[in-house]
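Take a look at the structure set out below.
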Amino acid sequence: MTIVRTVCTPNCCNTCGLLAHVEGGRINRVEPAPFPDTRYTRICLKGLASLERQYHPERLKRPLRRAGERGSGRWEEVTWDVALDDIAARLKDIASRHGARSVAFATLTGSYGLLASNTANRFASVFGGSVPTRGTIMGDNGGNMGMALALGRVTAHEPEDWANSRFLILWGRNLAETYMNDFRFVLEAREKGAIVVAIDPRFTPTCAQCDQWIPIRPGADTALALGMMQVVIQDRLYDRAFLARHTVAPFLVRTGDGHFLRDSAGQPLAWDLANGRPGPAGDTGDPALTGTYAVDGIACAPAFQKLADLANGYPPDRAAAVTGVPADVIRRLACDYATTRPAAILLSQGAQRYFHGHQFFRAGITLAALTGNLGVSGGGASSIFIWPMHSAFDYAGFNYPDGKRYASLPGMMFYEAIAEGKPWPVRAAWFTGYNFINQAADPNRTIRELFPKLELIVASEQFMTATAEQADYVLPVTTFFESDDLVLAYDNLYVQLQQKVVEPWGEARSDIEVFSDLAGRMGLGRYFDRTPEQFLSALLNSGDPLLEGITLERLRREGAIRLNLPRPYVPFADKAFPTPTGRVEFYSERLVEIEQELPVHLEPLEGPGSAQGKKYPLTFLTAHSRFSANSQHFALPHVAALCPEPLLEMNPEDAGARAVRDGDEVEVFNDRGHCRVKVRVTPGIAPGVLNLHQGWWPRDFATGSQQSLTQGAVNPDQVFIGEANWAIFDCAVDVRRVWP
Ligand SMILES: Nc1nc2c(c(=O)[nH]1)N[C@H]1C(S)=C(S)[C@@H](COP(=O)(O)OP(=O)(O)OC[C@H]3O[C@@H](n4cnc5c(=O)[nH]c(N)nc54)[C@H](O)[C@@H]3O)O[C@H]1N2
Ligand SMILES: Nc1nc2c(c(=O)[nH]1)N[C@H]1C(S)=C(S)[C@@H](COP(=O)(O)OP(=O)(O)OC[C@H]3O[C@@H](n4cnc5c(=O)[nH]c(N)nc54)[C@H](O)[C@@H]3O)O[C@H]1N2
Ligand code: SF4
Ligand SMILES: [Mo]
């Protein structure tokens with residue numbers, strides 16, 4: 001028997017190390033692999049069930065070519081030579097007629113392996129194709145945009161630092177299910193006496209372990225934050241020194257055009273209280289934060305005053321009316337958060353999956369800035385991504401060989417690129433590590449209107465997913481037990497090696513083998529003339545000091561190695577913020593043009609007052625489940641034993657109004673789609689809100705799918721800021737009982 005260390009690589013953000021026990025060429029057991037810090041030696045049910053996935057009878061063994069209409073389910077097995085020769089010829093033909101960038105290579109999060117998730121990019125670069133941006137099309141980038149605006153960079157405190165907090169707000173972040181192995185750090189904090197509050201329309205397993213659950217109306221979180229700011233400012237609970245030195249609070253804003261007042265050298269000015277004159281903000285020891293001023297006849301006020309004016313529109317009573325959170329709860333939350341130090345806000349993806357989700361992150365960060373909780377251990381306003389992990393590797397060298405670069409297509413424009421040819425026409429699509437039909441917006445539209453416009457669809461897959469079903473070719477790929485790769489995490493700072501444990505299933509090949517072979521057939525072989533090991537070494541040899549001394553040899557010996565960073569990793573400890581002003585920008589000059597210079601609350605696209613909201617009064621959440629990493633695990637026997645079918649969570653009030661009882665079959669519907677599903681009537685979800693976990697396959701429903709209800713509208717404000725994000729939970733539906 002041999003034991004090989006590999007990594008569990010689906011997108012659950014945890015990247016646990018696995019020890020695979022092999023006998024006679026077959027894995028018969030997996031267990032958690034050791035980490036230098038035993039708190040990271042861990043596994044979950046999905047990791048244990050990964051063996052059932054590995055040896056699942058439905059795993060794809062050989063390349064398949066479509067032998068009927070798309071989606072008809074008729075296939076013929078072909079050899080790799082036949083498949084790749086034909087694909088090569090068709091790609092060349094499509095490129096010659098429509099230009100190479102009409103071929104889109106769409107990778108999402110099937111595997112965290114660097115090669116698995118970047119090889120299609122490299123091929124796209126040398127072929128000249130397009131790559132849809134990932135964060136936006138997956139619906140995780142609204143928050144990132146907000147964070148980049150306010151802090152200059154998307155990052156997070158290392159989860160082990162949560163244990164140092166004395167007050168934690170889990171803001172729509174369902175840690176016990178979506179970061180289940182990191183939730184221990186919250187529990188550690190709680191054992192040491194920290195107070196933990198969860199804000200979520202649903203009473204999740206996370207809420208069950210908190211001191212307080214605050215249900216909120218979906219998409220209203222920015223208004224709640226503004227209500228809290230009103231209390232913090234009115235009661236003078238803010239950290240004046242931090243605001244004056246490290247934020248734009250003292251910068252004078254011109255009342256006329258909303259821009260900062262600057263001196264002739266371009267330095268923003270502040271009002272110096274010591275001498276009653278304006279001066280460069282950086283040199284002003286005692287700047288005014290409040291009031292209004294006239295400088296050379298120009299009316300202006302400090303940015304902090306502007307924020308206070310905005311917050312003043314949301315005293316707790318008003319914020320309560322907007323959010324559904326009682327005024328006294330808002331007042332107490334604001335006071336506790338502002339007076340207990342250090343206090344951390346863990347911002348989630350849940351509350352940013354709305355049309356204006358970027359505003360929520362800006363608002364949360366503004367609260368942290370008001371209370372001086374940025375750059376301190378146990379504090380912060382954290383996203384789900386730890387920045388240095390992803391900046392340290394030589395991605396550019398891998399993705400852009402010889403400076404050749406794919407055309408980056410804003411993720412949410414993928415649809416219009418196919419439908420309307422904007423910003424350029426897309427005529428072929430290759431999905432790797434992406435269950436697009438199952439996981440992206442409005443699949444009914446995709447199948448009805450978009451895919452028929454594509455001349456070629458290829459899916460590199462392990463299973464016949466809803467996406468693979470629509471392809472012309474399905475190519476079988478390896479799992480993390482069958483190929484070598486480097487694996488990084490989103491939630492911790494360890495680099496790990498994914499090591500081949502057993503031979504590939506059937507004729508499965510790794511993504512790098514597939515594209516290397518194809519490149520050879522297309523005269524692009526010189527870009528793929530290295531072994532996976534050589535590519536991995538190059539990715540590690542970025543020259544970044546964070547990776548100094550971390551080599552493949554060491555990784556093979558030691559398993560998991562932490563980046564060269566002090567523990568715990570606390571972003572902005574030096575109070576240097578990589579924004580245009582070098583300070584926390586809760587006020588963004590650039591956004592004056594769209595009247596979003598401050599974190600104003602904006603209603604969801606399909607909220608109660610909207611046209612869709614009036615027609616369909618319930619908000620449809622499709623949150624992430626602990627039983628499956630996205631669409632990968634629900635069907636596995638050990639998972640299905642505990643979670644056999646999709647269930648719709650519904651409040652008794654909404655159920656009563658529709659004569660629906662617990663266990664009934666219902667239809668969830670809107671103009672875009674529908675699904676038939678069983679109901680779980682529970683007070684653990686706010687009235688007006690439904691939840692049906694994402695990741696279920698269409699075949700798990702009697703008819704329809706959860707995904708068919710979602711919309712893919714593009715927010716022009718976000719396009720102005722950077723790129724539109726998919727607002728997954730901004731989704732109005734209604735429910736009717738299905739009579740047997
Ligand atoms: N087991 C497991 N773990 C995973 C994943 C998985 O599929 N399975 N997926 C991984 C991925 S890809 C991601 S992006 C992360 C996501 O991690 P999370 O951000 O924790 O996940 P979500 O389920 O999107 O949303 C979290 C919570 O937000 C709540 N919510 C919805 N709308 C609102 C709102 O308007 N306001 C507030 N305050 N809360 C709201 C939802 O009810 C939900 O409980 O998880 C990762 N971890
Ligand atoms: N309704 C709804 N939809 C959502 C969300 C939601 O909250 N609600 N969340 C969104 C979010 S945050 C995310 S991140 C996305 C995730 O969406 P996806 O990234 O599509 O999620 P997965 O289910 O992991 O699907 C990836 C596919 O990759 C395959 N795969 C695994 N390993 C490999 C490999 O090494 N190579 C190749 N070629 N394939 C591999 C798997 O078999 C799987 O079918 O879903 C989004 N969709
Ligand atoms: S699915 Fe996620 S939490 Fe579970 S073992 Fe794999 S990496 Fe760990
Ligand atoms: Mo995600």
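All ligand and atom numbering here is 1-based and tracks the order in the structure. Residue numbers count from 1 along this sequence.
Side chain of Gln352 to main chain of Gly142: a donor-acceptor pair is present (N/O by atom type, distance under 3.5 Å, no hydrogens or angles). The main-chain N or O of Arg202 is found under 3.5 Å from a side-chain atom of Trp213 such that the two form a donor-acceptor pair.
Shown in contact with Cys13 at under 4.0 Å from a heavy atom are these atoms of ligand 1, numbered in order with element: 46 (C). Numbered from 1 in the order shown, with element, the atoms of ligand 1 that lie under 4.0 Å from a heavy atom of Asn630 read 6 (C), 7 (O), 12 (S). Atom numbering of ligand 3 starts at 1 in the shown order; those under 4.0 Å from a heavy atom of Asn14 are 3 (S). Listed by atom number, the atoms of ligand 1 under 4.0 Å from Ile199 heavy atoms are 37 (C), 38 (N), 39 (N). Of all the atoms in ligand 1, the ones that sit under 4.0 Å from a non-hydrogen atom of Arg626 are 1 (N). In the vicinity of Asp140, heavy-atom distances shorter than 4.0 Å reach the ligand 1 atoms 14 (S).
Assignment of Tyr354 to the shell around ligand 1 is supported, since a heavy atom sits closer than 4.0 Å.
Considering backbone and side-chain N/O of Arg217, none are found under 3.5 Å from N/O of ligand 1. Any N or O atom pair closer than 3.5 Å counts here, and Arg353 shares at least one such pair with ligand 1. No N or O atom of Tyr179 sits closer than 3.5 Å to an N or O atom of ligand 1.
Annotation: atom 6 (Fe) of ligand 3 to nearest protein heavy atom, Cys8 SG, 2.3 Å. In terms of protein heavy atoms, atom 4 (Fe) of ligand 3 is closest to Cys44 SG, 2.3 Å. The nearest protein atom to atom 8 (N) of ligand 1, hydrogens excluded, is given as Ser628 O, 2.7 Å; this is a heavy-atom distance. In terms of protein heavy atoms, atom 10 (C) of ligand 1 is closest to Asn11 O, 3.3 Å. The protein heavy-atom contact nearest to atom 2 (Fe) of ligand 3 is Cys12 SG, 2.2 Å. At the shortest separation from atom 20 (O) of ligand 1 among protein heavy atoms lies Thr178 OG1, 2.8 Å. Among all protein heavy atoms, the one lying closest to atom 35 (O) of ligand 1 is Gly219 N, 2.7 Å. Of the protein's heavy atoms, Asp221 OD1, 3.4 Å lies nearest to atom 34 (C) of ligand 1. Scanning the protein for heavy atoms near atom 3 (S) of ligand 3, the closest one is Asn181 ND2, 3.2 Å.
Ile330 has its side chain within reach of Thr323: a pair of non-hydrogen atoms, C-beta onward, lies under 4.5 Å apart. Inter-residue side-chain proximity for Glu160 and Glu188 is flagged as unmet; no heavy-atom pair is nearer than 4.5 Å.
Ring centers of His390 and Phe385: at least 6.0 Å apart, outside the cut-off. Remark: aromatic rings of Tyr40 and Tyr494 are close, center separation under 6.0 Å. Residues Phe480 and Tyr112 keep their aromatic ring centres 6.0 Å or farther apart.
Between Asp37 and Arg184 no salt bridge is recorded (no basic side-chain N to carboxylate O distance below 4.0 Å).
A donor-acceptor contact under 3.5 angstrom links the side chains of Glu482 and Gln54, judged on distance only. Using modelled atom types, one finds a donor on one side chain and an acceptor on the other under 3.5 Å when comparing Gln694 with Gln439. One side chain, Gln498 or Ser483, offers a donor N or O that lies under 3.5 Å from an acceptor on the other.
Cys16 lies close to atom 8 (Fe) of ligand 3, since one of its N, O or S atoms is found at a distance under 2.8 Å.
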